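Below is one structure; the comments refer to it alone.
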2 protein chains.
Amino acid sequence: MSTEVNPIMNNLIEKMDIRLTYQRKIILNTLIENVGKHLSANEIYTLIKDKENIIGMATIYRTIDMLLKKGVVIKHDFGDSAAKYEIEIENTRNHHHLICKKCGKVIEASGLIKDDFYERLLEEKGFQCTDYKLKIFGYCDKCRVSAKAN
Amino acid sequence: MSTEVNPIMNNLIEKMDIRLTYQRKIILNTLIENVGKHLSANEIYTLIKDKENIIGMATIYRTIDMLLKKGVVIKHDFGDSAAKYEIEIENTRNHHHLICKKCGKVIEASGLIKDDFYERLLEEKGFQCTDYKLKIFGYCDKCRVSAKAN
DNA sequence: TTATGTGCAAAATGTTTGCTCCCCA
DNA sequence: TGGGGAGCAAACATTTTGCACATAA
């Protein structure tokens with residue numbers, strides 16, 4: 001049942017030190033069940049509604065906002081209007097995204113950034129990096145053959 | 001005067017093969033005068049209005065859309081609601097952005113990606129990269145001292 | 001001349017906010 | 001039981017669209 005407090009969630013909640021409401025449990029569970037996926041606020045809303053639980057859209061935005069500030073959720077902006085959210089457990093962190101300009105598919109990748117880049121940023125720019133996002137645009141395997149930007 | 005067709009613009013227009021209207025000239029000129037800056041549609045609108053030329057917001061969006069498809073303009077999504085646009089002359093291409101989570105400042109950087117990454121993507125993933133964006137979040141020099149994510 | 005571009009206003013979309021009532025701690 | 005949280009609807013901001021008119025080629 002969707003409000004069961006599993007170990008992963010327990011862990012998160014402890015870390016965050018927040019008031020645990022029915023709605024937050026459902027939202028967290030939905031995000032956990034979809035680790036690695038990129039969900040829009042509306043997709044989260046629909047997933048929850050499909051389990052016969054209805055919660056307000058505003059609650060979703062407010063909860064996600066809080067989760068973002070707690071660093072539990074990551075926000076993505078791919079080209080398509082609505083922002084996408086993804087829970088960050090262990091190291092879904094700092095992965096990269098290959099975005100196909102033809103079919104829109106998003107593929108994961110990693111290890112493309114120079115290893116010393118945290119240090120270099122701090123030394124050269126005085127910038128303390130906490131997090132980064134690398135989005136790579138181009139054509140996926142399937143689309144490559146027929147592809148030509150319009 | 002803002003609709004003068006300078007060499008840079010001439011070059012762009014030839015490349016694009018489009019119908020050259022008064023509005024497109026102004027928009028292109030505004031973008032050229034602001035190379036390296038990140039302008040929202042509304043900022044472009046205001047800049048043009050300030051020169052005593054009024055053109056429709058819809059025209060700005062439609063023109064930018066076209067310029068995006070022609071590869072003349074880049075679109076950025078930093079955290080703040082409105083998308084930002086920037087003309088791409090020579091190599092404003094593939095630079096990186098350091099985004100301060102405290103004051104919102106955007107600093108440019110480059111050279112943080114492994115040199116062979118185009119080749120690796122193609123070999124390992126069958127993905128043909130045409131373009132990429134690296135956004136790095138953290139704290140700038142000034143904000144670093146007092147910074148602590150809230 | 002005529003296909004294409006423009007302006008305007010209206011609509012669509014995504015997100016935020018005010019306020020009242022509710023419920024976790 | 002008190003203060004933070006939820007729901008609802010309205011507000012907001014940004015972007016898109018339909019249609020009549022204007023204009024570059």
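Throughout, protein chains are lettered first and strands after them, A, B, ... in sequence-line order, and every chain is numbered starting at 1. All of these numbers come straight from a predicted model, not from anything done at the bench.
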How many whole angstroms separate atom [atom1] of [X] from atom [atom2] of [N]?
X       : N      : atom1 : atom2 : answer
B:Lys84 : D:dT14 : NZ    : P     : 8 Å
B:Asp17 : D:dA24 : CG    : C1'   : 13 Å
A:Ile44 : C:dT15 : CD1   : C1'   : 13 Å
B:Asn53 : C:dG7  : CG    : C1'   : 15 Å
A:Leu68 : C:dT16 : CG    : P     : 10 Å
A:Ile60 : C:dG14 : CD1   : P     : 14 Å
B:Ile55 : D:dT23 : CD1   : C1'   : 15 Å
B:Ile18 : D:dA25 : CD1   : P     : 9 Å

Might you point out which heavy atoms bring [X] and [Y] nearest each other, and give the distance in Å?
X        : Y        : result
A:Arg19  : A:Arg24  : O-NH1, 2.8 Å
A:Gly138 : B:Thr130 : CA-OG1, 3.7 Å
B:Tyr45  : B:Ile54  : OH-CG2, 4.2 Å
A:Tyr22  : A:Asn53  : OH-OD1, 2.7 Å

Taking the side chain of [X] as heavy atoms from C-beta outward, which of [options] is closest to it?
X       : options                : result
A:Gln23 : C:dA3, D:dA6, C:dT16   : D:dA6
B:Thr59 : C:dT6, D:dT15, C:dG14  : C:dT6
A:Arg24 : D:dA25, D:dG5, C:dT15  : D:dG5
A:Arg62 : D:dT15, C:dA25, D:dG7  : D:dG7
B:Tyr61 : C:dT16, D:dT16, C:dC23 : D:dT16
B:Ala58 : D:dT17, D:dA24, D:dG2  : D:dT17

Please state whether the phosphate of D:dT23, meaning OP1 or OP2, lies under 4.0 angstrom from any side-chain nitrogen or oxygen of B:Thr21. no
Per nearest nucleotide of DNA chain D, the residue lying toward the 5' end, A:Thr63 or B:Asp65, is A:Thr63
Only one of B:His97, B:Lys75, B:Lys84 passes side-chain hydrogen bond (donor to acceptor under 3.5 Å, both in side chains) with B:His38, and that residue is B:His97
Base D:dA25 to side chain B:Arg19, donor-acceptor N/O within 3.5 Å cut-off: no
